Every structure is written in C-alpha cells, then in structure tokens.
Student: 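Pasting in a structure now, in structure tokens, and then I'll have a few things to ask.
What you see below is based on every heavy atom in this structure, not just the backbone, and it leaves out hydrogens, waters and symmetry mates. Keep in mind that what you see is a predicted model, and the values were worked out from it rather than measured.
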Amino acid sequence: MTAAAAKAEALIRHYFDMCNAADLQGLVDCFTPDAVHYFPPGLPGAPWRGAKAIAEGWVCCVETLGSKWTIEKVLCTADGREGVIEWTHWKTAIGEVLRGDEWYVFNDDISRIVEIRAYYASPVDKSAPVNKLHEFDYEKRGYHLAPPLVKGRA
C-alpha cells in the first residue's frame with residue numbers, strides 16, 4: 001500500500017471513529033467546508049451539504065437511532081485521492097441493521113473528505129431486523145455481527 005492510500009484509509013477510519021463518538025467538531029474537521037454526502041433516494045434532507053450539516057446529521061443519528069458503524073472492507077487508490085468502503089450501520093435504538101458501500105473523494109493533500117456517495121446493499125425494509133444482501137454469508141466472510149462498543153456509550 002502506498003503512503004497516500006494509507007493516509008486516505010486512516011482518514012476514513014478516523015471519520016468513522018468520530019461518527020461512533022458523536023464528536024461534532026471531530027466530524028466537521030474530517031470534511032472540506034463545502035463537502036457533500038449523497039444518499040440513495042428516500043432520506044429526508046439528502047444530500048447533506050457542508051461539513052457542519054454532515055456532522056450534525058450523524059450526531060443526530062447517534063442520539064435518536066443509537067447509530068454505530070463498523071467498516072468491513074476498505075480500498076483506496078494508490079494516489080489516495082479516492083477510496084471505497086463496505087460498512088454496516090447499526091441502529092441499536094430501533095433494532096435495524098443496514099449494510100452498504102461508500103465512495104470517497106479527498107482533497108489534494110488527503111486531509112479532508114470532499115464527497116461521499118453512499119449505496120445501500122438493498123432497499124431499506126423496515127420490517128426486516130437486518131437489511132443485507134440476500135444469501136450473502138456475512139459471518140463466514142468475517143463481518144461484524146454486533147455493533148462496536150464505544151467508550152462512554154452503550
């Protein structure tokens with residue numbers, strides 16, 4: 001792995017740490033001021049535009065849905081300008097699990113996220129306790145089957 005790719009991966013992992021900690025300023029600092037987070041259709045207010053709006057969106061999810069996230073896989077380009085991850089979003093307060101991918105675009109020095117494009121593994125089915133790919137063996141592939149434990153949070 002190149003140093004640039006490692007820097008991009010580290011930024012993505014730091015961003016997820018800030019999401020799980022519901023650290024508003026830590027989240028803002030992960031993005032360029034004009035960053036955009038795109039989502040599939042159906043999320044009210046999407047896309048989220050601006051570092052503060054993105055940060056506030058994730059803090060709200062932690063506070064209202066009990067959201068926690070795990071990263072399952074990461075791939076970054078050799079130049080560190082783009083990356084893609086596979087994630088799990090644990091909504092512990094409402095008993096939902098959502099899996100998906102995100103495509104990342106970084107600024108020139110790979111210090112901030114410019115854009116995230118989220119793709120869900122399947123349409124959200126509110127009647128399913130776990131939203132996932134049909135017949136994909138998450139356990140066999142080594143995916144997390146429970147949300148992370150975060151210091152100071154249940």
Student: Which heavy-atom pair separates H144 from R99 by the least distance, and what is that distance?
Tutor: O-NH2, 3.3 Å
Student: Any chance you could measure K73, atom NZ, to R141, atom CZ, to the nearest 0.5 Å?
Tutor: 7.5 Å
Student: Evaluate C76 against V84 for side-chain contact (heavy atoms from CB on, under 4.5 Å), listing each step before the verdict.
Tutor: CA-CA 6 Å; C76 294; V84 65; over 6 Å; no
Student: Can we say E9 and K7 salt-bridge, meaning some charged N sits less than 4.0 Å from an Asp/Glu carboxylate O?
Tutor: no
Student: Would you say L65 and V130 are hydrophobically clustered, going by side-chain heavy atoms of ILVMFWY under 4.5 Å?
Tutor: no
Student: Which heavy atom of A118 sits nearest a heavy atom of P40, and at what distance?
Tutor: O-CD, 3.3 Å
Student: I want to check something: taking the side chain as every heavy atom from C-beta on, are M18 and C30 in contact at a cut-off of under 4.5 Å?
Tutor: yes
Student: Is there a side chain to side chain donor-acceptor pair (under 3.5 Å) between Y138 and E72 once you walk through the steps?
Tutor: CA-CA 10 Å; Y138 288 94; E72 308 301 343; over 6 Å; no
Student: Is it the case that the ring center of F39 lies less than 6.0 angstrom away from the ring center of Y120?
Tutor: no
Student: Check whether any side-chain heavy atom of D23 sits under 4.5 Å from a side-chain heavy atom of Q25, and report yes or no.
Tutor: yes
Student: Side-chain contact, heavy-atom cut-off 4.5 Å: W103 with D101?
Tutor: no
Student: With clusters defined by side-chain heavy atoms of hydrophobic residues (ILVMFWY) lying less than 4.5 Å apart, directly or transitively, does I85 cluster with I110?
Tutor: yes
Student: Within the structure provided, determine whether L11 and Y104 are in side-chain contact (heavy-atom separation under 4.5 Å).
Tutor: no
Student: Restricting to non-hydrogen atoms, name the atom on A5 and the atom on T77 that form the minimum distance, rounded to 0.1 Å.
Tutor: CB-O, 3.4 Å
Student: When hydrophobic residues are tied together by side-chain contacts of less than 4.5 Å, even through go-betweens, does V28 share a cluster with I113?
Tutor: no
Student: Would you kindly confirm whether I71 and W58 end up in one hydrophobic cluster when ILVMFWY residues are joined by side chain heavy atoms under 4.5 Å apart?
Tutor: yes
Student: Quick check: closest heavy atoms across T64 and A93, and the distance to 0.1 Å?
Tutor: O-CB, 4.1 Å
Student: Please collect all salt bridge (charged side-chain N to carboxylate O under 4.0 Å, His left out) contacts where either partner lies in residues 44-59, sequence neighbours excluded, each pair once.
Tutor: K52-E56
Student: Using the ring of each side chain (for Trp, its six-membered ring), is W87 parallel, tilted or perpendicular to H89, with breaks at 30° and 60°?
Tutor: perpendicular
Student: Are the side chains of C19 and V59 in touch, meaning some heavy atoms are under 4.5 Å apart?
Tutor: no
Student: Apply side-chain contact (heavy atoms from CB on, under 4.5 Å) to residues R117 and H37 and explain how you reach the verdict.
Tutor: CA-CA 6 Å; R117 298 186 309 270; H37 195 315; over 6 Å; no
Student: Would you call L27 and I54 a side-chain contact if the rule is heavy atoms closer than 4.5 Å?
Tutor: no
Student: Would you sort out whether W90 and T70 count as a side chain to side chain donor-acceptor pair (under 3.5 Å), showing the intermediate values?
Tutor: CA-CA 8 Å; W90 308 89; T70 51; 3.1 Å; yes
Student: Provide the closest heavy-atom pair for A78 versus A4 in the form atom of the first, atom of the second, distance.
Tutor: O-CB, 3.5 Å
Student: Do H14 and F16 have their ring centres less than 6.0 Å from each other?
Tutor: no
Student: Using 4.0 Å as the upper bound for N to carboxylate O, is an ion pair formed by R81 and D108?
Tutor: yes
Student: Do E96 and K91 meet the salt-bridge criterion of a basic N to acidic O distance under 4.0 Å?
Tutor: yes
Student: Same hydrophobic cluster for I116 and L75, using side-chain heavy-atom links shorter than 4.5 Å among ILVMFWY?
Tutor: no
Student: Could you walk me through whether V62 and W69 pass side-chain contact (heavy atoms from CB on, under 4.5 Å), step by step?
Tutor: CA-CA 10 Å; V62 170; W69 296 265; 3.7 Å; yes
Student: Does a side-chain heavy-atom distance below 4.5 Å link R112 with F106?
Tutor: no
Student: Determine, stepwise, if the pair R13 / V74 fulfils side-chain contact (heavy atoms from CB on, under 4.5 Å).
Tutor: CA-CA 9 Å; R13 290 188 182 282; V74 180; 3.6 Å; yes
Student: Under 4.5 Å between side-chain heavy atoms, chaining through other members, with only Ile, Leu, Val, Met, Phe, Trp and Tyr counted: pull out the rest of the cluster around V36, sorted by chain and number.
Tutor: Y38
